[in-house]
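Chain letters run A, B, ... following the sequence lines, proteins first, then strands; residues in each count from 1.
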2 protein chains.
Amino acid sequence: MPVTSPSIFRTTYAEIAAKAGVSRATVSRVLNGDDRVNTERAQAVMDAASKLGYRTNRAARALSTGRTGQIAVVIDDSPSVLSDPFWGVVLAGISRVLMANDIHPVLMVSPLESEDSPIANYLEGGDVDGAIFLTVHKEDVVHQLAQKGLTVVVIGTPTDLKSDIVYVDTDNRAGAELATKHLLTSGCKEVATITGDISAVAGIDRLEGYHAAHLSLGLEVNEELIAHGDWSFESAKTLTLRLLARHPDIDGIFAANDAMALGVMAAVYERGRLVPDHVAVVGFDDNIMAQTHRPGLTTIRQDILGLGAAAAESMLSILQGETPAPKILPTELILRESA
Amino acid sequence: MPVTSPSIFRTTYAEIAAKAGVSRATVSRVLNGDDRVNTERAQAVMDAASKLGYRTNRAARALSTGRTGQIAVVIDDSPSVLSDPFWGVVLAGISRVLMANDIHPVLMVSPLESEDSPIANYLEGGDVDGAIFLTVHKEDVVHQLAQKGLTVVVIGTPTDLKSDIVYVDTDNRAGAELATKHLLTSGCKEVATITGDISAVAGIDRLEGYHAAHLSLGLEVNEELIAHGDWSFESAKTLTLRLLARHPDIDGIFAANDAMALGVMAAVYERGRLVPDHVAVVGFDDNIMAQTHRPGLTTIRQDILGLGAAAAESMLSILQGETPAPKILPTELILRESA
DNA sequence: TTAAATAACGAAATCGGTTTCACGCCAGCT
DNA sequence: AGCTGGCGTGAAACCGATTTCGTTATTTAA
């Protein structure tokens, strides 16, 4: 056993019990807020506990109660998802809420391909009380895990809405509508869009918002102005070049996320045109890139921190035995120079 | 007790023991690779275990061994550190290595102000085998924790090098030297620098690199060309405006990180000058902003994923009873348009 | 005034692995 | 032949908190 002793000092119920002159059972009762204990004794226990610097041994508690006080946060790192600042902020939101409730997030960065990948296996192992999924991995795997009794919350709307999986999401549709309307009502005649991945619900919803904006303003959508990207800077850049070549009169573009909006702008400049003078651009997310880019990107801000917090709250709520409804968070138009 | 039963199925040693016709002790020995067990029996145990879908109960093991198989990853979220993609990637690196060793990272996003903040308290509680600190919080707090027996690894060089705390870092000095040399040897005559926070070692080291580059080329450093920023876009922008006003002949600027490099560029444009034509700019980090910005930012790439991985490896190494040396990771110059 | 109910509390079992200890057995030694 | 030394194994103790189950002591109801 090549192991050094982690010489961290711990006091146990036994010591507190001895010092306070009660049994371990009573110590447990007091420390867990059971009010049926004689006031003086309770006080004695509290005193002893704080004097001895007691800290509960979570492993022991977990073994005894079957609750670990830990929630897995699962991130699919296909290429390198965490390099997107978005997820970092979501993590912060989750962490904040969980920690406030004395629950610890266990980070698992790894693809969750199949039902018997190491992660799935671990999640079933009962070493966490639940799992929050940050990107919709194989949705069916998540389902299977839920089926097996794992408490699950996903961030992002599931494809299969009939499933009763609890989720939280940004109001992508309304946000996209807001963005598109802004372009349409601020002088643009020909507003194109670069969509995200259309196999993802977020991608679909943001496209629907684009449609909805036209509809509510009594305008027709020209299907030729819709180009299907994949959320990436590069895809947006190429698609925009193509769009502009075919439709030189385009004067506004809604990109389904900020990274693509930057790609759009890069393309616009490459064609020798200016943002927003010739082509106005609106993005979606409001991440740092949107703020530091020149010209500043007009975009839809989602409450990312709130998204994480909401997911954590839903998780806690389920763990309390409630059945929270899905939460859809509102968005906000942030005006900068690009539109 | 407002609690639902997490109905996850578990099999225990007892069941395996029964099925294989041995004692629990033997099951434990087999499953932990003790080779002193009769081969046939061992095989029987293995079969039974896999047939029953055994998964070890980490809480039970932790209680028994005193090792939890968990490492805290502590992030100071003063403003909102996680919105910097840098840390997300570090996290991924840590996670990858740890998971491969069946150790789980527990995320703690919270300021670690004092020795008795909730986090410090938790870390002392022994519910993790060690802690990796992502931004150097109050360095003395980390020391105190180490003193109390917590196994500690920090990312970033500590101010107090005499302390024997294990750390990993990027070679900031060499990277900065590389950046500055690139500017000096590609035609720039007046190369300024916007430093990072000089109270941080990374800030100091990158400034030293700037000096070293001049020195090794036999050039004098003009102290007036050094402006002290705080890593932020804004600080760099204001400082650059001031520098350019006072020294119009500046034709190259090394910014101590990418965010500031973008600030520098913003300022340069605002003065009506062009990058790299009039002023060449080099950053440090190579984050997404560097890649998506126009013009592309020439910068120093650090191996961020490797940084996290190295930290995790050092942690594992300490846990094995070894005493790893600090690791300093090399950097690389990435050429784009800005210089 | 007595029986039944209730309150306060401790002894002991429990959660599921790990580890010490002792026992039986066989090989190798004198 | 009689010992010593290992080896393989299981019984049982143990980690620390929780919880059931009784046992007293104190009320309340009859």
Side-chain angles (χ1 to χ4, degrees), chain A residues 1 3 5-46 48-49 52-70 102 124-127 129, chain B residues 1 3 5-45 48-49 52-70 102 125-127 129:
Chain A
M1 300 281 106
V3 166
S5 60
S7 61
I8 286 209
F9 174 70
R10 320 188 81 141
T11 76
T12 70
Y13 274 12
E15 302 172 42
I16 299 179
K19 183 153 188 160
V22 299
S23 73
R24 284 154 55 214
T26 296
V27 174
S28 173
R29 286 192 264 260
V30 173
L31 263 33
N32 290 302
D34 186 327
D35 53 358
R36 293 174 308 186
V37 177
N38 174 293
T39 319
E40 289 174 35
R41 289 171 164 236
Q43 193 54 52
V45 170
M46 296 296 260
L52 294 171
Y54 176 75
R55 275 182 294 267
T56 124
N57 180 327
R58 300 188 130 228
R61 185 204 295 270
L63 180 56
S64 178
T65 62
R67 294 306 226 49
T68 60
Q70 300 193 140
D102 198 28
E124 290 170 41
D127 290 316
D129 297 335
Chain B
M1 299 280 105
V3 165
S5 59
S7 61
I8 287 210
F9 174 71
R10 320 186 81 140
T11 76
T12 69
Y13 275 13
E15 301 172 43
I16 299 179
K19 182 153 189 159
V22 299
S23 72
R24 283 155 57 217
T26 296
V27 174
S28 173
R29 287 191 263 259
V30 173
L31 263 33
N32 290 301
D34 187 326
D35 54 358
R36 292 174 307 186
V37 177
N38 174 292
T39 318
E40 288 175 34
R41 290 169 163 234
Q43 193 54 52
V45 170
L52 293 172
Y54 177 76
R55 275 182 293 267
T56 124
N57 180 328
R58 301 189 130 226
R61 186 203 295 269
L63 180 57
S64 178
T65 61
R67 293 309 226 46
T68 61
Q70 300 192 140
D102 197 28
D127 290 316
D129 297 336

Worksheet entry | Residue B:Ser64, side-chain atoms from C-beta onward, closest of C:dC9, C:dG17, C:dG10 | C:dG17
Item to complete: Pick base, sugar-phosphate or nothing for A:Arg41, based on heavy-atom distances below 4.0 Å to the nucleic acid.
Response: sugar-phosphate
Discussion item. Distance check needed: D:dC15 C1' versus B:Asp127 CG, whole Å only.
Written reply: 14 Å
Worksheet entry | By side-chain contact (heavy atoms from CB on, under 4.5 Å) - contacts of B:Thr11 (at least two apart) | B:Phe9, B:Glu15, B:Leu52, B:Tyr54
Practice prompt. Consider the side chain of B:Arg61, meaning its heavy atoms from C-beta on, and name the nucleotide among C:dG16, C:dA13, C:dT18 that approaches it most closely.
Written response: C:dT18
Response to the item:
If each end axis of the helix from C:dT1-D:dA30 to C:dT30-D:dA1 is fitted on five C1' pair positions, the angle between them, to 10 degrees, is 50°
Discussion item. I want to verify a distance call: between C:dC9, C:dA8, D:dG16, whose nearest atom is closest to the A:Arg36 side chain?
Written reply: C:dA8
Discussion item. Please pick, from C:dG10, D:dG16, C:dG17, the nucleotide with the shortest atom-to-atom distance to any side-chain atom of A:Thr12.
Written reply: D:dG16
Practice prompt. Check the distance between C:dG17's C1' and B:Arg10's CZ and give it to me in whole angstrom.
Written response: 11 Å
Response to the item:
On DNA chain D, more 5' by nearest nucleotide between B:Ala60 and B:Asn38 is B:Asn38
Item to complete: Select base, sugar-phosphate, or nothing to describe what A:Val27 touches, counting heavy atoms under 4.0 Å on all strands.
Response: nothing
Practice prompt. Select base, sugar-phosphate, or nothing to describe what B:Thr11 touches, counting heavy atoms under 4.0 Å on all strands.
Written response: sugar-phosphate
Discussion item. On a heavy-atom basis, which atom in A:Asp127 and which in B:Arg10 lie closest, and how many Å separate them?
Written reply: OD1-NH2, 3.6 Å
Worksheet entry | Whole-Å distance separating the CG atom of B:Asp34 from the C1' atom of D:dT9 | 11 Å
Discussion item. Nearest 0.5 Å, please: how far is CD in B:Gln70 from CD in A:Gln70?
Written reply: 4.0 Å
Discussion item. Expressed as a whole number of angstroms, how long is the span from A:Glu40:CD to C:dA7:P?
Written reply: 20 Å
Worksheet item: In whole angstroms, how far is the C1' atom of D:dC15 from the CZ atom of A:Arg58?
Response: 18 Å
Practice prompt. Scan for salt bridge (Lys or Arg N to Asp or Glu O under 4.0 Å) pairs involving residues 25-39 of chain B, sequence neighbours excluded, and state none if there are none.
Written response: B:Asp34-B:Arg36
Practice prompt. Compare side-chain N and O positions of B:Asn32 against OP1 and OP2 of C:dT18 and report whether any pair is under 4.0 Å apart.
Written response: yes
Going by atom type alone, with no hydrogens or angles, which donor-acceptor pairs under 3.5 Å involve a side-chain atom of residues 17-28 of chain B and a protein atom two or more places apart or on another chain?
residue: B:Ser23; atom: OG; partner: B:Ala25; partner atom: N; Å: 3.4
residue: B:Ser23; atom: OG; partner: B:Thr26; partner atom: N; Å: 3.3
residue: B:Ser23; atom: OG; partner: B:Thr26; partner atom: OG1; Å: 3.4
residue: B:Ser28; atom: OG; partner: B:Asn32; partner atom: ND2; Å: 3.3

Discussion item. Let's see if you can work this out: which of D:dC15, D:dT9, C:dT18 has an atom nearest to the side-chain heavy atoms of B:Tyr13?
Written reply: C:dT18
Worksheet item: Any side-chain heavy-atom pair from B:Leu31 and B:Ile16 closer than 4.5 angstrom?
Response: yes
Practice prompt. Heavy atoms only: give me the nearest A:Thr68-A:Ala62 pair and the separation to one decimal.
Written response: CA-CB, 3.9 Å
Worksheet, complete the sentence: Between CG of B:Leu52 and P of C:dG16 the distance, given in whole Å, is 14 Å
Item to complete: Indicate whether OP1 or OP2 belonging to D:dC15 is found under 4.0 Å from a side-chain N or O atom of A:Asn57.
Response: no
Fill in: Closest nucleotide among D:dG16, C:dG10, D:dG8 to the A:Thr26 side chain
C:dG10
Worksheet item: Does a side-chain N or O from B:Tyr54 land closer than 4.0 Å to OP1 or OP2 of C:dG16, or not?
Response: no
Discussion item. Would you compute the distance between atom OG of B:Ser64 and atom CG of A:Leu63 and round it to the nearest 0.5 angstrom?
Written reply: 10.0 Å
Worksheet, complete the sentence: Nucleotide by nucleotide, nucleotides 20-27 of chain D touches protein heavy atoms under 4.0 Å in the pattern (B base, S sugar-phosphate only, - none) --------
Fill in: Per B:Leu63 side chain, nearest of listed nucleotides D:dG16, C:dC9, C:dG17
D:dG16
Worksheet item: B:Arg24 CZ to D:dC14 P: how many Å, rounded?
Response: 14 Å
Discussion item. Can you identify which nucleotide, out of D:dG10, C:dA8, D:dT18, has its nearest atom closest to the A:Thr65 side chain?
Written reply: D:dT18
Item to complete: Report the residues that fulfil side-chain hydrogen bond (donor to acceptor under 3.5 Å, both in side chains) with B:Thr56, sequence neighbours left out, ordered by chain and then residue number.
Response: B:Arg61
